Colleague: 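Let me give you the structure first, and then I'll get to my questions.
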2 protein chains.
Amino acid sequence: MAEAKDMYSFEKPGSTLAMAEDVMGCKWSLSVLGVVRQGICRPGMIQRSIEGLTTKVMNERLKKLTRYNIIERQAYPEIPPRVEYHLTDFGKKFVSILDQFSALDQELETRAKS
Amino acid sequence: MAEAKDMYSFEKPGSTLAMAEDVMGCKWSLSVLGVVRQGICRPGMIQRSIEGLTTKVMNERLKKLTRYNIIERQAYPEIPPRVEYHLTDFGKKFVSILDQFSALDQELETRAKS
DNA sequence: CAGTATCCAGACCGATACTG
DNA sequence: CAGTATCGGTCTGGATACTG
């Protein structure tokens with residue numbers, strides 16, 4: 001059984017926090033997540049939306065985000081092939097936490113003005 | 001003035017989110033933050049608390065966290081020298097967001113049990 | 001269009017020795 | 001005790017070409 005102290009220790013392997021660390025530690029992860037959440041879901045469009053992102057890295061990130069169940073992949077058996085990525089329910093919770101970092105910005109700005 | 005769409009774009013340079021990315025992307029950052037929040041505030045103790053952490057990397061992390069105003073450094077002019085690091089108010093908000101990632105774990109566990 | 005393979009420069013971090 | 005300097009291996013990500 002977990003002790004209360006454990007509530008305050010970071011770095012549990014396999015935890016959501018460790019996952020967040022892994023995701024955020026990779027360059028381009030947040031950019032990709034950002035455009036996917038905006039509804040830009042096809043690889044070609046994702047790449048064209050993000051200046052400087054290469055195919056290789058994009059696919060690595062999409063794979064990682066998929067593996068962590070933050071986004072999910074749907075492939076349509078057409079010619080030419082079509083693939084779509086969308087946030088999962090878990091992914092929506094995940095990005096809503098990321099938003100709270102941004103919310104701190106607003107708070108700091110507001111404070112600066114007053 | 002910012003458009004509504006900007007609310008959903010990640011990756012603003014200089015933002016708290018970019019800072020979070022920078023911090024979390026560095027190995028050992030969260031470990032260091034974790035022990036400092038527990039009140040382990042002196043470098044020697046911090047290092048002894050974290051298996052595998054070297055002096056060099058610890059100091060790099062402490063510097064970065066200090067630069068971002070997540071923790072603050074207090075030096076006492078004694079012999080031998082004594083230094084303490086503590087969370088700032090901003091840092092407390094920062095770690096409370098990190099806790100929400102961990103909170104997702106609880107939620108998932110609870111759901112698994114039921 | 002979606003995705004993979006290969007190559008390589010540079011960043012990161014671990015080990016160690018050192019200063020005040 | 002707190003912190004810095006140096007060196008070297010590893011791993012990441014950027015460029016490019018390629019397959020189905």
Side-chain angles (χ1 to χ4, degrees), chain A residues 10-11 13 18-36 39-68 70-87, chain B residues 10-11 13 18-36 39-68 70-87:
Chain A
F10 291 115
E11 283 292 284
M19 186 207 69
E21 197 180 356
D22 186 20
V23 168
M24 297 179 73
C26 283
K27 197 175 172 184
W28 301 111
S29 280
L30 293 189
S31 304
V32 170
L33 205 44
V35 302
V36 170
I40 298 173
C41 60
R42 298 186 57 183
M45 263 309 282
I46 293 172
Q47 187 173 357
R48 266 174 272 123
S49 302
I50 303 173
E51 169 87 20
L53 177 62
T54 63
T55 316
K56 180 197 165 216
V57 172
M58 177 183 65
N59 283 318
E60 285 171 0
R61 296 303 168 270
L62 288 170
K63 264 194 181 170
K64 179 171 282 191
L65 292 169
T66 302
R67 187 155 40 76
Y68 280 133
I70 292 173
I71 62 178
E72 61 190 348
R73 190 188 118 111
Q74 176 141 22
Y76 299 87
E78 308 170 354
I79 302 293
R82 181 163 61 101
V83 172
E84 292 185 2
Y85 291 92
H86 295 280
L87 280 184
Chain B
F10 290 115
E11 283 290 285
M19 186 207 69
E21 197 179 356
D22 187 20
V23 167
M24 297 180 74
C26 284
K27 198 174 172 184
W28 300 112
S29 279
L30 294 189
S31 303
V32 170
L33 204 45
V35 302
V36 169
I40 298 173
C41 60
R42 299 186 56 181
M45 263 309 282
I46 292 172
Q47 187 172 357
R48 266 173 272 122
S49 302
I50 303 174
E51 171 86 19
L53 177 63
T54 63
T55 317
K56 182 199 161 213
V57 172
M58 176 182 66
N59 283 318
E60 285 171 359
R61 297 302 169 270
L62 288 171
K63 265 195 181 171
K64 178 170 283 192
L65 292 169
T66 302
R67 188 154 41 75
Y68 279 134
I70 293 173
I71 61 178
E72 62 191 346
R73 188 187 118 112
Q74 176 141 23
Y76 298 87
E78 307 171 354
I79 303 291
R82 181 163 61 101
V83 171
E84 292 184 4
Y85 291 92
H86 295 280
L87 280 185

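All of these numbers come straight from a predicted model, not from anything done at the bench. A, B, ... follow the sequence lines: proteins, then strands. Residue 1 opens every chain.
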Colleague: Choosing from C:dC13, D:dC1, D:dT4, which nucleotide comes nearest the side chain of B:R61?
Modeller: C:dC13
Colleague: Compare the minimum distances between each of C:dC13, C:dT4, C:dA2 and the side chain of A:V83, then state the nucleotide with the smallest one.
Modeller: C:dA2
Colleague: Nearest-Å distance, CD (A:Q74) to P (C:dA2)?
Modeller: 14 Å
Colleague: Whether A:K27 contacts C:dA11 is assessed here as follows: a side-chain N or O lying under 4.0 Å from the phosphate OP1 or OP2. Is that the case?
Modeller: no
Colleague: Over how many whole Å does the gap from A:L53 atom CG to D:dG14 atom C1' extend?
Modeller: 11 Å
Colleague: Considering only side-chain heavy atoms of B:W28, which listed nucleotide, C:dC13, C:dT4, C:dG14, is closest?
Modeller: C:dG14
Colleague: How close do A:V36 and A:Y85 get, heavy atom to heavy atom, and via which atoms?
Modeller: CG1-O, 3.8 Å
Colleague: In this structure, which one of A:T55, A:N59, A:L53 forms a side-chain contact (heavy atoms from CB on, under 4.5 Å) with A:V57?
Modeller: A:L53
Colleague: Figure out the CE/P separation between A:M24 and D:dG13, and round it to whole Å.
Modeller: 14 Å
Colleague: Just to be sure I understand: a Watson-Crick pair is purine N1 to pyrimidine N3 plus N6-O4 or O6-N4, both under 3.5 Å. Using that and G-U wobbles, which stems of three or more pairs involve DNA chain C?
Modeller: C:1-20 with D:1-20
Colleague: Taking all heavy atoms of B:S49 and all of B:V35, pick out the closest pair and write down the distance.
Modeller: CB-CG1, 4.2 Å
Colleague: Any side-chain N or O of B:R42 below 4.0 angstrom from OP1/OP2 of D:dA2?
Modeller: yes
Colleague: Between B:E51 (CD) and C:dG14 (C1'), how many Å, whole number?
Modeller: 14 Å
Colleague: Can you tell me the distance, in whole Å, between the CD atom of A:E60 and the P atom of D:dA15?
Modeller: 14 Å
Colleague: CD of A:E51: more than 12 outside heavy atoms within 6.0 angstrom?
Modeller: no
Colleague: Please tell me which of the listed nucleotides, C:dC1, D:dA15, D:dC7, lies nearest to the side chain of B:K56?
Modeller: D:dC7
Colleague: Out of D:dG13, C:dG14, C:dA2, which has the shortest distance to the side chain of B:T54?
Modeller: C:dG14
Colleague: Check this for me: does any side-chain nitrogen of one of A:E60 and A:K64 sit under 4.0 Å from a carboxylate oxygen of the other?
Modeller: no
Colleague: Using heavy atoms to find the nearest nucleotide of DNA chain D for A:P81 and B:L62 separately, return the residue whose nucleotide is more 5′.
Modeller: B:L62
Colleague: State which of C:dG20, C:dC1, C:dC13 makes the closest approach to the side chain of B:V57.
Modeller: C:dC13
Colleague: What's B:Y76 touching, base or sugar-phosphate or nothing? Going by heavy atoms closer than 4.0 Å.
Modeller: nothing
